[in-house]
Enquirer: 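Before I ask anything, let me first share the structure, which is written out below as structure tokens.
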Amino acid sequence: MGRPHRSAPPGSATRLMHFSGLLTLALNVAEPIAAGHYSRAAVDAVAPLLLLGWGAVGPQLLRAFHTVTRPADPAPEAEETKPAPETTLPHAPAAAQLTDPAPPVAPDSVPTPAPVAPRVTPAPTLPALKVPEPLLTEARSIAASHLAEHGTAITPAQLKTRLGIGLPMATALHAAL
């Protein structure tokens, strides 16, 4: 199928990242410490320390997110197997033979839980805003000037900026235009 993926020895990239992070930390804080500005050195040390911490915690966190969000793999289809020949003991009574044998179970198969569909709740409907008539008149004049100037209709976000009002009111005004 393909040749196995070869990579650097485990830990070499981590060692390089830690070495680079510590070198960056040393270079960031050397000058402020030499000048006696310890508070500036503390501030300059924050970014390299966060990067070093993210380097240690980030892969594990991303792996955890990946396992949580990855959809369940479909169950592998069982390969067709030939039924095993029935063996009976020569001295076993006929009533002791099973008439309904249990299906063979693969030792490495693990039952997977059925995927659960996320519950989707409808977005709450906001009550219709009552648009004041003077504001509607002003919005109409702004929309007309915008159309004349740009050749396109004004958007609710642009109306919000021009009037200095909230987006819900601007949306209601836009719908009333």
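Side chains are part of it too, since the values below use all heavy atoms of this structure and drop only hydrogens, waters and symmetry mates.
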Enquirer: Assigning hydrophobic clusters by single linkage (Ile, Leu, Val, Met, Phe, Trp, Tyr; side-chain heavy-atom cutoff under 4.5 Å), is L23 placed with L50?
Expert: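 No.
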Enquirer: Rounded to the nearest 0.5 Å, what separation is found between the NE2 atom of H18 and the CG atom of L25?
Expert: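 Interatomic distance, H18 NE2 to L25 CG, rounded to 0.5 Å: 12.5 Å.
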Enquirer: Calculate, to the nearest 0.5 Å, the distance between atoms CD1 and CG belonging to I154 and L177 respectively.
Expert: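 It is 8.5 Å, given to the nearest 0.5 Å.
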Enquirer: Any chance you could lay out the side-chain contact (heavy atoms from CB on, under 4.5 Å) test for R162 and S145, step after step, and finish with the verdict?
Expert: CA-CA 11 Å; R162 297 275 301 264; S145 68; 3.7 Å; yes
Enquirer: Might you point out which heavy atoms bring W54 and L61 nearest each other, and give the distance in Å?
Expert: CZ3-CD2, 3.9 Å
Enquirer: Please answer whether the main-chain N or O of T155 pairs with a side-chain N or O of H174 as donor and acceptor at a distance below 3.5 Å.
Expert: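 No, because the side chain of H174 does not come within donor-acceptor range (under 3.5 Å) of the backbone of T155.
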Enquirer: Can you measure from CZ (F19) to OG1 (T24) and round to the nearest 0.5 angstrom?
Expert: 9.5 Å
Enquirer: Treating Ile, Leu, Val, Met, Phe, Trp and Tyr as nodes and any side-chain heavy-atom pair under 4.5 angstrom as an edge, say whether L136 and I165 lie in one connected cluster.
Expert: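 Result: yes, single cluster for both.
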Enquirer: What are the two closest heavy atoms between A170 and P156, and how far apart are they?
Expert: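 Smallest heavy-atom distance, with atoms named: CB-O, 3.4 Å.
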Enquirer: Specify the closest pair of heavy atoms between V29 and A45, including all atoms of both residues, with the distance to one decimal.
Expert: CG1-CB, 3.7 Å
Enquirer: Would you confirm whether S20, through its side chain, and M17, through its main-chain N or O, come within 3.5 Å as a donor-acceptor pair?
Expert: no
Enquirer: Evaluate L173 against E138 for side-chain contact (heavy atoms from CB on, under 4.5 Å), listing each step before the verdict.
Expert: CA-CA 10 Å; L173 281 169; E138 182 67 23; over 6 Å; no
Enquirer: Just how far is it from atom CG of D44 to atom CD1 of I33, taken to the nearest 0.5 Å?
Expert: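 Atom-to-atom, D44:CG and I33:CD1 are 9.5 Å apart.
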Enquirer: Report the C-alpha distance between Q158 and I142 in whole Å, list the side-chain angles of each, state the deciding distance to 0.1 Å, and finish with yes or no for side-chain contact (heavy atoms from CB on, under 4.5 Å).
Expert: CA-CA 10 Å; Q158 292 167 334; I142 289 173; over 6 Å; no
Enquirer: Taking side chain as C-beta onward, heavy atoms only, is T171 less than 4.5 Å from K160?
Expert: no
Enquirer: Please test H146 against E149 for side-chain contact (heavy atoms from CB on, under 4.5 Å), starting from the C-alpha separation and ending with a verdict.
Expert: CA-CA 5 Å; H146 185 276; E149 186 177 328; 5.8 Å; no
Enquirer: On a heavy-atom basis, which atom in G21 and which in P48 lie closest, and how many Å separate them?
Expert: O-CB, 4.1 Å
